[in-house]
Amino acid sequence: MDHRRMESYFDGRAAGYGQLSWHAGYAERLVELAGLTPGMRVLDAATGTGLAALAAARAVGPSGQVVGVDVSAGMLREAERLLTASGLTNVSYVKADATTLDELGDEAFDVVLCCAGMLYLRASAALAAWHRVLKPGGLVCFSAMRAGFPRAAHVFRECASDFGLALTDPMAEVGTEDSSRAAVAKAGFVYERAVPDVIALPPRSAADLWRGHVVSPNYPEVASLSPEETAAFEARYLARVSELLNEPDAFDLPVMYVYARKPGRAGRREAAAMP
């Protein structure tokens with residue numbers, strides 16, 4: 001993933017990101033299901049405008065601490081603005097790559113959260129970094145849209161294949177119960193549960209959906225098309241997705257809230273002793 005492309009993309013989205021009501025509800029549900037308690041130290045990875053960080057800060061109280069990290073300076077500026085408006089004093093933000101966390105020490109957090117970030121992260125690298133910064137017995141919690149969704153993005157990838165582009169579903173690593181279970185286990189976590197939900201995304205026009213897909217950092221291959229190919233691709237996509245938008249569930253987004261735990265020290269010793 002091109003980090004400069006990613007940062008530029010989210011810098012451009014920052015101003016309106018925190019005002020999307022479904023984002024706030026999505027973040028609050030992830031935090032609610034995590035069962036945070038006062039005094040915990042929490043990392044919010046790929047914090048964006050800090051919606052999950054603020055929800056976590058309220059849950060852990062003044063004796064707790066939340067650190068939010070993001071690669072986008074624009075997102076973090078908006079997060080600081082929302083933090084000031086909230087009146088909370090137990091949140092800080094750091095500009096950092098959520099898949100490496102080089103700025104953060106080992107075993108520094110009780111919980112790692114990531115709301116909506118898996119769509120733009122290499123899950124294997126992110127989970128490895130989160131495992132490192134979690135204390136033994138610590139909890140990792142992330143939200144993940146189901147593989148194959150949103151439906152409009154699935155149509156975009158199908159149309160792209162007609163022009164020789166093999167676009168990967170960005171949720172392939174963790175977009176099902178089985179794949180998320182395998183991913184967290186590979187990173188050294190013990191899988192606990194995946195809670196299903198459906199998010200009602202706000203309706204968007206076919207043209208707006210096209211513009212969003214074309215600039216997405218998940219699909220840099222699209223830039224390799226000629227202007228003529230791009231125009232033909234756009235026409236095909238608009239025709240296909242316009243049919244989809246007439247369906248009542250076109251903007252329903254099935255998601256999961258995934259929870260897994262880093263083994264405690266005793267658990268790690270027992271695992272090491274197994275033949």
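These numbers were taken from a predicted model, which means no experiment stands behind them.
- Formation of a donor-acceptor pair under 3.5 Å by the Ser143 side chain with backbone atoms of Ala116 is found in this model.
- By the 4.0 Å N-to-carboxylate-O rule, Arg77 lies too far from Glu80 to be salt-bridged with it.
- With salt bridges taken as basic N to acidic carboxylate O contacts below 4.0 Å, none links Arg211 and Glu234.
- Glu229 and Ser226 are linked by a side-chain donor-acceptor pair at a separation below 3.5 angstrom, with hydrogens and angles left out of the test.
- In this structure, Val112 and Ala45 approach most closely via the heavy-atom pair CG1-CB, 4.4 Å.
- Between the side chain of Glu173 and the backbone N or O of Ser124, at least one donor-acceptor pair lies under 3.5 Å.
- Using a 4.0 Å cut-off between a side-chain N of Lys or Arg and a carboxylate O of Asp or Glu, Arg41 and Asp110 do not qualify as a salt bridge.
- Pairing each heavy atom of Val94 with each of Glu103, the nearest pair is CG1-CB, 4.5 Å.
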Query raised in the report: Can you check side-chain contact (heavy atoms from CB on, under 4.5 Å) on Val111 and Leu113, steps first, answer last?
Result: CA-CA 7 Å; Val111 178; Leu113 302 169; 4.0 Å; yes
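- Distance SG/Cys141 to OH/Tyr257: 12.5 Å, rounded to 0.5 Å.
- When side chains are defined from C-beta on, Arg193 counts as touching Leu33, because their heavy atoms get closer than 4.5 Å.
- The distance from atom CZ of Arg157 to atom CG of Leu165, rounded to the nearest 0.5 Å, is 13.0 Å.
- Separating the CE atom in Met145 from the CG atom in Asp169 is a distance of 9.0 Å, to the nearest 0.5 Å.
- By the 4.5 Å heavy-atom criterion applied to side chains, Val198 and Asp249 are not counted as neighbours.
- For the residue pair Ala128 and Ala187, the shortest heavy atom distance occurs at N-CB, 4.2 Å.
- Ser180 approaches Met256 most closely through the heavy-atom pair OG-CE, 4.3 Å.
- Under the 3.5 Å distance criterion, the side-chain polar atoms of Asp70 are matched with a main-chain donor or acceptor of Gly48.
- The closest side-chain heavy-atom distance from Tyr120 to Pro170 is not below 4.5 Å.
- Using modelled atom types, no side-chain atom of Asp44 and backbone atom of Val66 make a donor-acceptor pair closer than 3.5 Å.
- One distance of note links OH of Tyr259 with CD of Glu192; it measures 10.5 Å at 0.5 Å rounding.
- Contact annotation: the side chain of Phe109 never approaches that of Val42 to less than 4.5 Å [non-hydrogen atoms, C-beta and beyond].
- Note that CE of Met40 is 9.5 Å distant from NZ of Lys135, once rounded to the nearest 0.5 Å.
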Query raised in the report: Between Tyr219 and Val214, is a side-chain contact (heavy atoms from CB on, under 4.5 Å) present by the stated rule, with each step listed?
Result: CA-CA 7 Å; Tyr219 305 130; Val214 166; over 6 Å; no
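- In plain terms, the two heavy atoms of Arg132 and Leu101 that are nearest each other are NH2-O, 2.7 Å.
- Taking CG from Leu36 and CG from Leu139, the interatomic distance works out to 8.0 Å, rounded to the nearest 0.5 Å.
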Report task. Could you give me the CA-CA distance, side-chain angles and deciding distance for Ser72 and Leu76, then say whether side-chain contact (heavy atoms from CB on, under 4.5 Å) is met? Result -> CA-CA 6 Å; Ser72 167; Leu76 292 177; over 6 Å; no
Requested in this report: Give the C-alpha distance, both sets of side-chain angles, the deciding distance and a yes or no for side-chain contact (heavy atoms from CB on, under 4.5 Å) between Val140 and Lys262.
Outcome: CA-CA 8 Å; Val140 65; Lys262 181 176 179 176; over 6 Å; no
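- Between Phe156 and His213, the ring planes are tilted. Angles from 30° to 60° get that label.
- Using a 4.5 Å heavy-atom threshold, the side chains of Tyr237 and Leu209 count as touching.
- The aromatic rings of Trp130 and Phe142 are tilted relative to each other, their planes meeting at an angle between 30° and 60°.
- The heavy-atom pair separating Ala57 from Val91 by the smallest distance is CB-CG2, 3.3 Å.
- Between the Ser242 side chain and the Ala239 main chain, no donor and acceptor come within less than 3.5 Å of each other.
- Side-chain atoms of Gln65 and Ser92, non-hydrogen and from C-beta on, do get closer than 4.5 Å to each other.
- A 4.5 Å side-chain heavy-atom check between Val184 and Leu127 finds at least one atom pair inside the cut-off.
- Both Tyr191 and Val195 are part of a single hydrophobic cluster, where members link through side-chain heavy atoms under 4.5 Å apart.
- The hydrophobic cluster containing Met171 also contains Trp22, counting ILVMFWY residues as joined when their side-chain heavy atoms lie under 4.5 angstrom apart, directly or transitively.
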